[in-house]
Enquirer: 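Before I ask anything, here is the structure I am working with.
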Amino acid sequence: MNKFAQLGSDIVKLLSKYGGSYISGIENTLILALAGTVIGCLIGFICGMLNTIPCARTDHPVKRFFIGLIRAIVRIYVEVFRGTPMVLQAVFLYYGLPYFTNNAVKFSGYWIPALVVVSINTGAYMAESVRGGIISIDPGQTEGAKAIGMTHVQTMTSVILPQAFRNIMPQIGNNFIINVKDTSVMFIIGFPDFFAAHRAAVGASYLYFPSATVEMAGYLTMTLIASFLLRWIEKKLDGNSSYELVMDDQLTMTAGTYNHPDRGTPFDERSKEYRDNLTQSMKNRNFTARGER
């Protein structure tokens, strides 16, 4: 019990002295993770669309060549950034450019390289998730869109991707949670995230385990809140569990095929609206007949 009391005392000491640094690190971590996930998803959707461009043997050789080239580039991009650690990608981008250009090209800050690394890494994972989401949609919908003259881009943006988005929503949330944790490797380029605040606090106080406890509690809190919000968004996307038939255009209804439980439809003989319209029509007909006489 004395050890737990000592741990609590050390944590209070750290928070009182370095609490602002921890909070600032949490803010930077969430901003970087959210922005990187959004940009990575856009990259993934673009790669997914490019990977699913239809190509047949009967197509023009030039078209087949360019489609094959695009797919090869996307495949190389996905395999390289999925197969290497994010920390090494940050090193190659931040320190590699000055190395190969004799300091002619280098980053003056840490936000842009950190955002670039997180975004392209997320995009590599999302490219395969998007491709799987597109493949999961019934091919008949793509054929139907082509039958009415829609292009590949129109088919993707208006028919396929809205449905695929719901299917890959759990993977998007999973990538965001991974980014919240993996941004900790950006300390290698000096990015002031939550983990960097931990390293600074440890270097000044030598309280490694108490600071690590604060870090673990902070990361766990962020990921639990993110999981809750993502599940709430998924439920909103699913819609209501009970559906009610709504007809905005009365011309789309067929007489006698659907009855409202209270008043029927404007085309139903049991409908009050139908009876009122019929009575008014009869009155107009009688008035016209009398006028002709």
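Along the sequence shown, the residues carry numbers beginning at 1.
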Enquirer: Short question: side chain of Q141, backbone of V159 - any donor-acceptor pair under 3.5 Å?
Expert: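 Side chain of Q141 to backbone of V159, a donor-acceptor pair under 3.5 Å: no, none is there.
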Enquirer: Can you check whether Y208's main-chain N or O pairs, donor with acceptor, with S211's side chain at less than 3.5 Å?
Expert: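 Checking the backbone N and O of Y208 against the side chain of S211, no donor-acceptor pair under 3.5 Å is found.
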Enquirer: Check for me whether the distance between the ring centres of F65 and H60 falls short of 6.0 Å.
Expert: no
Enquirer: Who else is in F100's hydrophobic cluster (ILVMFWY, side-chain heavy atoms under 4.5 Å, direct or via others)?
Expert: Y99
Enquirer: Quick check on the 6.0 Å ring-centre criterion: do F81 and Y77 meet it?
Expert: yes
Enquirer: Examine the side chains of N2 and Q6 and answer whether a donor and an acceptor come within less than 3.5 Å of each other.
Expert: no
Enquirer: Could you check whether atom CZ of R231 has more than 12 heavy atoms from other residues, nucleotides or ligands sitting under 6.0 Å from it?
Expert: no
Enquirer: Less than 4.0 angstrom from a charged side-chain N to a carboxylate O is my criterion; do R131 and E128 meet it?
Expert: yes
Enquirer: Is the side chain of Y94 donor-acceptor paired with the backbone N or O of I188 at a distance under 3.5 Å, no angle test?
Expert: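 Side chain of Y94 to backbone of I188: no pair is present.
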Enquirer: Could you tell me how the ring of F187 sits relative to the ring of F195: parallel (under 30°), tilted (30 to 60°) or perpendicular (over 60°)?
Expert: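 Plane angle between 30° and 60°, so tilted.
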Enquirer: Taking S136 for the side chain and G133 for the main chain, is one N or O donor matched with an acceptor at less than 3.5 Å?
Expert: yes
Enquirer: Determine which pairs satisfy side-chain hydrogen bond (donor to acceptor under 3.5 Å, both in side chains) with at least one residue from residues 168-197, sequence neighbours left out, and list them in order.
Expert: T37-N179, T122-N179
